Amino acid sequence: MYKYIIVFSKNGYVKYISHLDMQRLFSRAFRRCGLELQYSQGFNPHPKMSFAQPLSLGYSAKGEYIEFETKTAYSNDVLIDNLQETMPTGIQLIRCGIIPDEGKSLAASVEYADYTVDIPVAFYEKDYQKVIDDYLSQKQILTEKRQKKTKKMVETDIRPKIRAITAEQGRDDKLTLRMTLDCGSRSNVSPELVITSFMKFASFNCSRYEIEVSRDKLGLPVDYDIKWM
């Protein structure tokens with residue numbers, strides 16, 4: 001058994017492919033490329049592959065991770081060059097590495113994520129860093145979140161899960177936010193909750209669909225060495 005990790009980006013129209021469809025996309029790509037994946041045991045075997053974290057529909061990304069197991073060893077040419085030929089426009093494979101059998105999975109290792117949020121309001125309209133500082137200085141930032149099991153809307157405090165937000169001058173002198181948020185199995189907050197909450201706090205005169213979001217980095221402090229190929 002051999003275990004690999006691939007780093008890839010996701011841009012353009014392909015950002016509207018859901019997480020489930022991304023799983024199917026990579027599974028079909030592996031088959032077309034002739035890679036022999038390891039499968040789970042039991043009545044419903046499935047390929048041993050998983051993403052570090054699901055990416056929300058409509059988000060672009062600069063450095064996503066997928067880990068998978070194969071029956072035989074493969075070269076970087078096969079895992080990057082040949083596999084890239086089976087990918088749709090917008091999916092770019094960046095690099096590949098070998099990871100040891102032991103150690104936590106990528107999904108269990110993720111601790112935070114960095115996001116870029118482009119908002120169609122003038123950067124010089126006001127001191128947005130001051131607005132952000134006032135927003136973060138609140139003892140609580142309450143927002144409503146739907147519970148997975150009951151489907152009920154409950155009020156939750158997202159402030160402890162926001163690590164940092166800064167304002168920058170973006171494209172065409174528009175506002176760009178850089179956000180670092182808790183992400184992973186131990187602590188997680190949806191960027192959508194932060195964006196919605198901050199839009200209300202800052203009294204933005206724009207709609208959510210006008211805002212573009214990119215996940216730039218996943219904080220992945222793994223407890224083993226990755227042998228990059």
Side-chain angles (χ1 to χ4, degrees), residues 1-41 45-116 180-186 188 191 212-229:
M1 183 195 74
Y2 302 86
K3 200 169 182 180
Y4 297 96
I5 177 176
I6 285 180
V7 185
F8 67 95
S9 62
K10 183 181 181 185
N11 295 287
Y13 290 116
V14 77
K15 69 182 182 180
Y16 297 109
I17 294 179
S18 70
H19 176 65
L20 183 58
D21 285 335
M22 282 292 291
Q23 290 178 311
R24 294 168 178 156
L25 185 155
F26 269 88
S27 181
R28 289 195 298 267
F30 286 141
R31 288 200 302 271
R32 289 197 297 269
C33 199
L35 268 67
E36 294 187 87
L37 295 184
Q38 284 280 7
Y39 276 74
S40 61
Q41 304 297 314
H46 58 274
K48 289 188 175 182
M49 51 169 277
S50 61
F51 295 92
Q53 283 293 306
L55 184 67
S56 297
L57 189 69
Y59 283 28
S60 57
K62 294 182 179 179
E64 297 298 289
Y65 296 85
I66 182 172
E67 61 179 330
F68 56 96
E69 297 178 18
T70 66
K71 295 179 180 179
T72 57
Y74 292 98
S75 67
N76 186 71
D77 290 343
V78 173
L79 294 176
I80 294 294
D81 299 338
N82 292 4
L83 189 60
Q84 182 66 64
E85 294 178 1
T86 68
M87 291 292 170
T89 301
I91 299 292
Q92 182 65 45
L93 308 183
I94 300 171
R95 61 176 177 169
C96 178
I98 302 171
I99 54 180
D101 296 340
E102 67 276 4
K104 296 186 295 185
S105 67
L106 296 183
S109 300
V110 176
E111 293 186 354
Y112 67 89
D114 292 338
Y115 298 88
T116 295
T180 301
L181 310 176
D182 281 3
C183 179
S185 56
R186 281 168 288 186
N188 187 81
E212 296 183 3
V213 184
S214 169
R215 186 157 73 188
D216 301 329
K217 176 184 176 182
L218 285 170
L220 203 63
V222 292
D223 55 0
Y224 49 80
D225 292 329
I226 301 173
K227 184 180 178 182
W228 296 108
M229 301 169 67

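No hydrogens, no waters, no symmetry mates; every other heavy atom, side chains included, goes into these values. Just so it is clear, the model here is predicted, and its values are computed rather than measured.
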Let me confirm one number: the [atom1]-[atom2] distance from [X] to [Y], rounded to the nearest 0.5 Å.
| X | Y | atom1 | atom2 | result |
| --- | --- | --- | --- | --- |
| Thr89 | Tyr13 | OG1 | OH | 12.0 Å |
| Asn82 | Tyr74 | CG | OH | 11.0 Å |
| Lys227 | Ile98 | NZ | CD1 | 5.0 Å |
| Ile99 | Tyr2 | CD1 | OH | 15.0 Å |

Any side-chain heavy-atom pair of [X] and [Y] under 4.5 Å:
| X | Y | answer |
| --- | --- | --- |
| Glu67 | Lys3 | yes |
| Ser9 | Ile94 | yes |
| Leu106 | Val222 | yes |
| Leu79 | Phe68 | yes |
| Thr116 | Val213 | no |
| Arg186 | Glu111 | yes |
| Tyr4 | Thr70 | yes |

Quick check: closest heavy atoms across Ser109 and Pro221, and the distance to 0.1 Å?
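Between these two residues, the closest heavy atoms are O-CD, 3.4 Å.
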Taking everything shown except Lys104 itself, do over 12 heavy atoms lie less than 6.0 Å from its NZ?
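Above 12, so yes.
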Check: residues 48-61 side-chain donor-acceptor pairs under 3.5 Å, at least two apart:
| unit_1 | atom_1 | unit_2 | atom_2 | d |
| --- | --- | --- | --- | --- |
| Tyr59 | OH | Glu192 | OE2 | 2.5 |

Pairing residues for Lys62 by the salt bridge (charged side-chain N to carboxylate O under 4.0 Å, His left out) criterion, not counting sequence neighbours:
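Salt bridge (charged side-chain N to carboxylate O under 4.0 Å, His left out) list for Lys62, sorted by chain: Asp216.
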Could I get the full list of side chain to side chain contact (heavy atoms under 4.5 Å, CB included) partners for Ser40, not counting sequence neighbours?
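Ser40: side chain to side chain contact (heavy atoms under 4.5 Å, CB included) contacts with Pro45, His46.
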Could I get the full list of side chain to side chain contact (heavy atoms under 4.5 Å, CB included) partners for Leu93, not counting sequence neighbours?
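For Leu93, the residues satisfying side chain to side chain contact (heavy atoms under 4.5 Å, CB included) (neighbours in sequence not counted) are Ile6, Phe8, Phe26, Ile80, Leu83, Gln84, Met87, Ile91.
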By side-chain hydrogen bond (donor to acceptor under 3.5 Å, both in side chains), which residues pair with Asp21, not counting sequence neighbours?
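Listed in chain order: Ser18, Arg24.
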Of the options Arg215, Lys217, Lys15, which is the one that meets Glu64 in a salt bridge (charged side-chain N to carboxylate O under 4.0 Å, His left out)?
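With Glu64 as partner, Arg215, Lys217, Lys15 yield a single salt bridge (charged side-chain N to carboxylate O under 4.0 Å, His left out), made by Arg215.
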Tabulate below the donor-acceptor pairs under 3.5 Å that side-chain atoms of residues 30-39 make, not counting sequence neighbours, or state none.
| unit_1 | atom_1 | unit_2 | atom_2 | d |
| --- | --- | --- | --- | --- |
| Arg31 | NH1 | Ser27 | OG | 3.2 |
| Arg32 | NH2 | Thr86 | O | 2.9 |

